[in-house]
Amino acid sequence: KSWRDGRHLIADARILHRPRQFPRRFVSADDLAVRLETEGHDLPLIDKVRCLVDGRQLADFQSEATIRILRSLETAQNAGFVISAATSGGKSLAFYLPAMAWISQNSKENDPWVKALALYPRQELLKDQMTSAFASARILDGEQRKQNKPLVSVGAYYGETPYDNKAVSNPRLQFAKPWRVTRTGSVCPFMRCPRCEGDMEWLNRDIGANNEILHCRTEDCLYVTPN
């Protein structure tokens, strides 16, 4: 039978039009801290969770995900978790909150290794989440210095990530869209300023010295990333 004469794969199609619904956010950092204390977590880890919450109210599923993921990590249990919510419902925070807290607490000087891997199906989503994850890591800088621990680093590995400082200004050595070259340096195509969302630039002097430092190009911001 020809496919033209066969049955339709979709018998009916209907449109549902209604306002988007979001989970109610009512869990404070103090509420989550109490739950984590009853789980037996160390106070330094709980303090880092507080820092990452950063005054926000969490949805119940974000709080529950944090508790379960940290429980699995602290007890070295192999476990998988599926977090489901509407678009912009807070799924990323449900992952990054426990992951960042645990990574920062278990980081050691002179022992760098990849502790979490986030895979994204779309490049634009990666670019948005890259800046958000980087900003979350910077919230922990004060606690890391207080405990004499290394700062949490975040990297992006895909077509627009250069191999080294030589590749950043040479389009022939890059996979995809090159970094935009300016008079003072090269603009990163996948990282926005976590403070003002402006362009981040790798200055020529830092490229030459192979110092992996980005500067915000917005004059009244001038944010600089850690090396």
Side-chain angles (χ1 to χ4, degrees), residues 25 27-59 62-63 65-74 90-118 126-156 188 190-203 206 209 211-227:
R25 287 164 169 75
V27 181
S28 67
D30 290 338
D31 294 334
L32 180 55
V34 170
R35 292 281 307 277
L36 292 173
E37 286 180 19
T38 60
E39 290 276 327
H41 294 294
D42 295 333
L43 287 179
L45 176 64
I46 297 175
D47 287 341
K48 291 182 178 181
V49 171
R50 286 179 182 271
C51 286
L52 289 166
V53 173
D54 198 28
R56 291 171 289 190
Q57 296 286 102
L58 301 177
Q62 294 170 323
S63 171
T66 301
I67 292 167
R68 294 192 183 193
I69 291 173
L70 286 177
R71 181 192 302 158
S72 174
L73 290 169
E74 291 287 275
K91 297 184 293 295
S92 296
L93 181 61
F95 164 72
Y96 280 113
L97 177 55
M100 286 282 189
W102 188 86
I103 289 170
S104 62
Q105 183 60 23
N106 288 274
S107 59
K108 298 178 182 179
E109 198 68 52
N110 300 321
D111 186 28
W113 51 279
V114 176
K115 301 174 180 65
L117 187 64
L126 180 146
K127 294 176 184 178
D128 177 66
Q129 293 294 320
M130 172 70 183
T131 301
S132 177
F134 180 83
S136 295
R138 301 288 65 80
I139 291 174
L140 294 167
D141 286 352
E143 288 293 318
Q144 294 300 94
R145 294 189 177 100
K146 190 188 304 181
Q147 298 180 20
N148 294 318
K149 289 180 176 291
L151 304 185
V152 177
S153 60
V154 180
C188 180
F190 55 82
M191 175 77 179
R192 308 292 293 177
C193 175
R195 183 181 295 167
C196 73
E197 297 187 357
D199 288 338
M200 297 295 289
E201 183 177 31
W202 198 358
L203 299 180
D206 291 323
N211 294 323
E212 297 184 0
I213 302 173
L214 298 180
H215 292 251
C216 179
R217 302 191 75 221
T218 305
E219 291 185 1
D220 57 353
C221 178
L222 301 178
Y223 176 83
V224 180
T225 66
N227 187 1

S.K.: Distance check, rounded to the nearest 0.5 Å: M100 atom CE versus S136 atom OG?
M.R.: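 The CE atom of M100 sits 5.5 Å away from the OG atom of S136.
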S.K.: Look at the side chain of Q105 and the backbone N and O of K48, then say whether any donor-acceptor pair between them is shorter than 3.5 Å.
M.R.: no
S.K.: Is the backbone of S104 close enough, under 3.5 Å, to the side chain of S107 for a donor and an acceptor to pair up by distance?
M.R.: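 Pair found, side chain donor or acceptor close to backbone of S104.
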S.K.: When rounded to the nearest 0.5 angstrom, what distance separates CG in D54 from CD1 in I139?
M.R.: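 So the gap between those two atoms works out to 4.5 Å.
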S.K.: How far does NZ of K149 sit from CG of N106, to the nearest 0.5 angstrom?
M.R.: 7.0 Å
S.K.: Mind listing the closest non-hydrogen atom pair of S63 and L32 along with its distance?
M.R.: OG-CD1, 3.5 Å
S.K.: Examine the side chains of S92 and Q129 and answer whether a donor and an acceptor come within less than 3.5 Å of each other.
M.R.: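 Present: a donor and an acceptor within the cut-off.
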S.K.: Looking only at heavy atoms, which two atoms of V49 and A101 are closest? And how far apart?
M.R.: CG2-CB, 3.7 Å
S.K.: Could you pull out the closest heavy-atom pair between P150 and Q144, with the gap in Å?
M.R.: O-NE2, 2.8 Å
S.K.: Quick one: closest heavy-atom pair of V154 and A133, and the distance?
M.R.: CG2-O, 4.0 Å
S.K.: Is there a side-chain contact (heavy atoms from CB on, under 4.5 Å) between E39 and L70? Walk through the geometry before answering.
M.R.: CA-CA 9 Å; E39 290 276 327; L70 286 177; over 6 Å; no
S.K.: How about R50: does its CZ atom have over 12 heavy atoms from other parts shown lying under 6.0 Å from it?
M.R.: yes
S.K.: Do L151 and R138 have side chains that approach each other closer than 4.5 Å (heavy atoms only, starting at C-beta)?
M.R.: yes
S.K.: Once you round to the nearest 0.5 Å, how far does CZ of R192 lie from SG of C216?
M.R.: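 R192 atom CZ to C216 atom SG measures 8.5 Å (nearest 0.5 Å).
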S.K.: Closer than 3.5 angstrom, by distance alone: can the side chain of T66 be matched with the main-chain N or O of Q62 as a donor-acceptor pair?
M.R.: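 Such a contact is found between T66 side chain and Q62 backbone.
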S.K.: Take atom CZ in R71; do more than 12 heavy atoms of anything else shown fall under 6.0 Å from it?
M.R.: yes
S.K.: With rounding to the nearest 0.5 Å, note down the distance linking SG in C221 to CE in M200.
M.R.: 8.0 Å
S.K.: May I ask you to check whether over 12 heavy atoms, not counting those of E212, lie within 6.0 Å of atom CD?
M.R.: no
S.K.: With a 4.0 Å cut-off on N to O distance, would you call E201 and R217 a salt bridge?
M.R.: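 Salt bridge between E201 and R217, a charged N being under 4.0 Å from a carboxylate O: yes.
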S.K.: Under the side-chain contact (heavy atoms from CB on, under 4.5 Å) criterion, do I69 and W102 qualify, and how do the steps go?
M.R.: CA-CA 10 Å; I69 291 173; W102 188 86; over 6 Å; no
S.K.: Run the numbers on E143 and K146 for side-chain contact (heavy atoms from CB on, under 4.5 Å), then give the verdict.
M.R.: CA-CA 5 Å; E143 288 293 318; K146 190 188 304 181; 3.2 Å; yes
S.K.: Would I46 and E37 satisfy side-chain contact (heavy atoms from CB on, under 4.5 Å), going step by step from the backbone distance to the final call?
M.R.: CA-CA 8 Å; I46 297 175; E37 286 180 19; 3.5 Å; yes
S.K.: Are L214 and D206 close enough that some pair of their side-chain heavy atoms sits under 4.5 Å apart?
M.R.: no
S.K.: Distance check, rounded to the nearest 0.5 Å: Y223 atom OH versus T218 atom OG1?
M.R.: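 Answer rounded to 0.5 Å: 13.5 Å.
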